[in-house]
S.K.: 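Handing you this structure, nothing more for now.
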Amino acid sequence: MKYMKLGSKPDTFYTEQAVRVYLWLGRSVVSDIPADLIIHVNNTKYQLHKFPLLLKCGLLQRLCSDTEADEQLPVPVALHDIPGGEEAFEICAKFCYGIAISISASNFVLATLAARFLRMTEHVAKANLVSKLDTFFESCVLHGWRDSIAALQAAWRISGWSESRIVQPCVDSIVEKILLPPSQVAWSYTYTRPGYAKRPHQSVPKDWWTEDISELDIEVFRSVVSTVRATRMLPSPLIGEALHVYACKHLPDPLYTGGSANGHASQSQSSSFTAAAAAAEEALAKQRRVLETVVTMIPGDVGSVTGRFLLRLLRVANYVGASSSTRAQLIRQAGSQLDEAKAVDLLIPLPSDAQAYDVGAAEAVLEHFLAQFQRPAAPDERRRMSVAMEKVVRIFDEYLKTIALDSEFPIGKFIDLAECLPGIARSDHDGLYRAVDTYLKEHPDLSKADRKRLCRLIDCRKLSPDVRAQAVSNDRMPLRTIVQLLFVEQERTIGAGGSHSVAPPDRASVDAVSRLTATGREDEAAAMDHRSDVHRPRRAGHEERAQGDAAAMTRSLSASTKTAARKDRAVEERGSRLRNK
C-alpha cells in the first residue's frame, strides 16, 4: 500500500483532559501563543489558533467572520457534521500547522471529505490539501489493486454513492484490473485456497481477484461484478466463483454453525437480552440482504455455479427467512444440478431447531430434478440425464440413511421420502436396503406391521449377492423378507446353472428360515398371554402361514437339491457311455 507524507514538524497535539462522565475530551497544540479558536467536533474540544487554520480553511474564514465575539476570548466554532469526525478534522488541522502526517488508502477518504468540507482548495491557498490529495488519488490509489479496494470501501461506508468522485473511479480501476489477462497481473493479491500455497505455481490463477473484492459491502460488490459481467469478457463459472467466495465469507453455513434464528425468543425481556436480540435480528437482516442479492446475481448459464453451492444457499435462505421467491429460485436451480451434490448437502436445518431437518425442502429439490425427465430431450441429453439419475439415486439413498438416524423421525414420512424416487429409477436397492436397515436399527420398538411395511420398499431381486447374503442373516429383517430373499437366491442359482450341473442350495439358508420360524413361534406364544380370545384365530392363522412359507421354502430347496443331483448323475452316465464307446 502506498503512502504520501505531508509536513515535517513533530506532532504537538496532546490531550488536555478527559471527563468521562460527560464524554468530553480536550485536545490542544503545544504553543507559546494562547489559543484564540475553540472548535467543537462531536465530543471533543480543540483549543487551536486562527492564523494557521484560517489561512487554509475557507469554511473557518467565513464562520469566524460571521461570529460576533469579544476579541479577548477565543472564538467558538461547532463542526459536528464534518465527514470523518475527529480523526478527519485532526488530519486537516495538522496539515495547517505543518505537522507531519501520512496519507494512505486507509485514511485518504476521510482526509479528502474533511478537506472538501473545510474548503481547503486552491482558491483559498496555493498547494492546499485538496489538490495534494487529488494528485495522490490519481497517481497512487487508482494504480494500486488493494489501494483501490480500500478507498472504495471507505468511501462507500462514509457517504455511499453520493461521493461519486471517489467511488466510480475506484470501481472502474478495479474492473479494469480484473479484466486483464492473468499473465499481466504484477501486483500482490490474496489467494488462500486450501493446498494452493503448498503447490508450485507457474502462472496466476484465473480467479485471483475473487477474495480481495469479497471484502466489499454487498452493494459495492454487486456494482463491481455487474460491471465485469456487462463486458462479457469473463466466463460465467468465473463469475460464479466470485459469488461463491463472497457467500462463504459473509454467510455462515447453518449446518455447521448450529445457530437458531429464533434462539432469543425464549429469553427474558431484560435490557441486556433485548439488546442481544436486536443485534441478532440486525445480523439476520444483513445476511438476508446479502443472500438475496447474491441469488439475483447468479448467471443463468448451466454450470456457472455448483449444485453444492446452491444447496448451501438454500440452507442459509431457510435459516435467515429469505423471501419465497428466493427460495423457489434456489430449489429450482439446485434441482437441475442435484447430481453434483452429496447427501450431506440435502440436510437443511429448520430455522426453529438446528438439530431437525427440513425434509420438505429436500423433497422439493428432488421433485424439480425429476421434472426434467418429463420434457422431450435429444438422445445425448437423455444419456446424460440417465447418468445423472444414477448419481441422484445414490445421493438420495445415502440421505435417507442419514435421516434414519433420527430416532424421532416418523415411519410414514420416511416411507413417503423413499417413494419419492420412482421404482424404475433405482437399478439396485443396495442403498435403500442400508437406509431401511439403519431405520430398523435406530427404531427397535417398531411394530411387526410397520417393519413389514418398511421392508416392502426393498425389491429383493435388485439386491447384489453380497447385500442379499447380509440381509438373510439380518435379525432385524421380517420373516417374509427373509423368505423372499431365499427364493430370489434360489432362482439366481438355478438360472446361473441352466442345463449344466447346479451347486446345491446352501443348507444354512434353510436353517436360517427354520430358526426364524421358531423364533416367530416363541414370540407369538409369549404375546398370546396378553391378548384376548378374539385375537387367537388371527394369530394362529399368521403362525400357520409363517410355518407354511418356511415348509414350502424347505421343500423347494430340497427339491432343487434332488433335481441338481439327478442332473449330475445323468451327466456322469452320458460321459461313461461315451468312454465305453
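Remember, predicted model here, so these are calculated numbers, not experimental data.
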S.K.: First locate atom CG of D430, then atom NZ of K462, and finally report the distance between them rounded to the nearest 0.5 Å.
M.R.: 11.5 Å
S.K.: In the structure I gave you, are the side-chain heavy atoms of M385 and R375 within less than 4.5 Å of one another anywhere?
M.R.: no
S.K.: Side chain of N318, backbone of R315: donor and acceptor closer than 3.5 Å?
M.R.: no
S.K.: Work out which heavy atom in A361 is nearest to a heavy atom in I348; give both atom names and the distance.
M.R.: CB-CD1, 3.7 Å
S.K.: May I ask you to say whether E215 pairs ionically with K249, meaning some side-chain N is under 4.0 Å from a carboxylate O?
M.R.: yes
S.K.: Between the side chains of T210 and R193, does any donor sit under 3.5 Å from an acceptor?
M.R.: yes
S.K.: How long is the straight-line distance from NE2 of H244 back to CG of D207, given to the nearest 0.5 Å?
M.R.: 11.0 Å
S.K.: State, to 0.1 Å, how close L311 and A341 come at their nearest heavy-atom pair, and which atoms those are.
M.R.: CD1-CB, 3.5 Å
S.K.: Verify, without hydrogens or angle tests, whether Q287 (side chain) and V316 (backbone) share a donor-acceptor contact under 3.5 angstrom.
M.R.: no
S.K.: Which atoms form the tightest heavy-atom contact between V167 and G160, and what is the distance?
M.R.: CG2-O, 3.6 Å
S.K.: Could you tell me whether K2 and D147 make a salt bridge, using a distance below 4.0 angstrom between a side-chain N and a carboxylate O?
M.R.: no
S.K.: Would you mind checking if R461 and E491 are paired as a salt bridge, meaning a charged N to carboxylate O distance below 4.0 Å?
M.R.: yes
S.K.: Quick one: CG on L432 to CD on E419, what's the gap to the nearest 0.5 Å?
M.R.: 9.5 Å
S.K.: Would you say the side-chain atoms of S148 pair up with the backbone N or O of V141, donor to acceptor, closer than 3.5 Å?
M.R.: yes
S.K.: Heavy atoms, side chains only, cut-off 4.5 Å: are L346 and F396 in contact?
M.R.: yes
S.K.: Please round to the nearest 0.5 Å and tell me the distance separating atom CE of M297 and atom CD1 of I239.
M.R.: 8.0 Å
S.K.: Looking at every non-hydrogen atom in both residues, tell me the closest pair between S323 and T326 and how far apart they are.
M.R.: OG-OG1, 2.9 Å
S.K.: Is it the case that the side chains of Y399 and D345 hold a donor-acceptor pair, with the cut-off being a distance below 3.5 Å and no angle test?
M.R.: no
S.K.: Between S173 (side chain only) and P169 (backbone N and O only), is there a donor and an acceptor less than 3.5 Å apart?
M.R.: no
S.K.: So do I411 and R453 actually touch side chain to side chain, heavy atoms under 4.5 Å?
M.R.: yes
S.K.: Please report the C-alpha distance between L370 and L421 in whole Å, then the side-chain angles of each, then the deciding distance to 0.1 Å, and finally whether the side-chain contact (heavy atoms from CB on, under 4.5 Å) criterion is met.
M.R.: CA-CA 8 Å; L370 297 175; L421 279 172; 4.2 Å; yes
S.K.: Check ring-ring contact (aromatic ring centres under 6.0 Å, His included) between F373 and all other residues, then give those that pass, not counting sequence neighbours.
M.R.: F369
S.K.: What do the steps show when you test D134 against R116 for side-chain contact (heavy atoms from CB on, under 4.5 Å), and what is the final call?
M.R.: CA-CA 11 Å; D134 288 344; R116 290 175 181 169; 3.6 Å; yes
S.K.: Could you list the residues that satisfy ring-ring contact (aromatic ring centres under 6.0 Å, His included) with F117, not counting sequence neighbours?
M.R.: none
S.K.: Do S223 and W161 have side chains that get closer than 4.5 Å, going by heavy atoms?
M.R.: yes
S.K.: For the residue pair V365 and L330, establish whether any side-chain heavy-atom pair is separated by less than 4.5 Å.
M.R.: no
S.K.: Step by step, work out the side-chain contact (heavy atoms from CB on, under 4.5 Å) result for Q184 and V204.
M.R.: CA-CA 9 Å; Q184 298 182 23; V204 176; over 6 Å; no
S.K.: I need the C248 SG to L243 CG distance, nearest 0.5 Å.
M.R.: 10.5 Å
S.K.: Would you call L142 and C170 a side-chain contact if the rule is heavy atoms closer than 4.5 Å?
M.R.: yes
S.K.: F414: what forms a ring-ring contact (aromatic ring centres under 6.0 Å, His included) with it, not counting sequence neighbours?
M.R.: Y439
S.K.: Using side-chain heavy atoms (C-beta onward) and a distance below 4.5 Å, is I158 in contact with V109?
M.R.: yes
S.K.: Under the salt bridge (Lys or Arg N to Asp or Glu O under 4.0 Å) test, which residues partner R434, sequence neighbours left out?
M.R.: none
S.K.: Side-chain contact test, heavy atoms from C-beta onward, threshold under 4.5 Å: evaluate it for I103 versus I91 and give yes or no.
M.R.: yes
S.K.: May I ask you to decide if G431's main-chain N or O and R394's side chain share a donor-acceptor pair within less than 3.5 Å?
M.R.: no
S.K.: Kindly assign one of parallel, tilted or perpendicular to the pair W145 and W187, based on the angle between their ring planes and the thresholds 30° and 60°.
M.R.: parallel
S.K.: Is a side-chain N or O of R480 found less than 3.5 angstrom from the main chain of R456, in a donor-acceptor match?
M.R.: no
S.K.: Please check if the side chain of S159 supplies one atom and the backbone of S162 the other of a donor-acceptor pair under 3.5 Å.
M.R.: no
S.K.: Got a donor-acceptor contact below 3.5 angstrom from the S304 side chain to the P299 backbone?
M.R.: yes
S.K.: Does the distance from a Lys or Arg side-chain N to an Asp or Glu carboxylate O, for R289 and D217, drop under 4.0 Å?
M.R.: no
S.K.: Taking only residues two or more places apart in sequence, or in another chain, which ones meet R426 in a salt bridge (Lys or Arg N to Asp or Glu O under 4.0 Å)?
M.R.: D397
S.K.: Using a strict 4.0 Å threshold on nitrogen-to-oxygen distance, state whether R383 and E381 make a salt bridge.
M.R.: no
S.K.: Looking at every non-hydrogen atom in both residues, tell me the closest pair between T438 and K401 and how far apart they are.
M.R.: OG1-CG, 3.5 Å
S.K.: Please find the pair of heavy atoms, one from C455 and one from T481, that lie closest to each other, and give the distance.
M.R.: CB-OG1, 3.5 Å
S.K.: First locate atom CD1 of I174, then atom CG of L216, and finally report the distance between them rounded to the nearest 0.5 Å.
M.R.: 6.0 Å
S.K.: I'd like to know if the side chain of Q333 and the backbone of L310 have a donor-acceptor N/O pair within less than 3.5 Å.
M.R.: no
S.K.: Test your reading of the model: is there a side-chain donor-acceptor pair from D212 to the backbone of R146, 3.5 Å cut-off?
M.R.: no
S.K.: Which one of W156, Y246, W209 satisfies the ring pair (Phe, Tyr, Trp, His ring centres under 6.0 Å) criterion with F221?
M.R.: Y246
S.K.: Does the pair K413/E363 count as a salt bridge with the N-to-O cut at 4.0 Å?
M.R.: yes
S.K.: Can you list everything that forms a side-chain contact (heavy atoms from CB on, under 4.5 Å) with D172? Sequence neighbours excluded, please.
M.R.: Q168
S.K.: Between T112 and F137, is the side-chain contact (heavy atoms from CB on, under 4.5 Å) condition met? List the steps.
M.R.: CA-CA 10 Å; T112 299; F137 179 59; over 6 Å; no
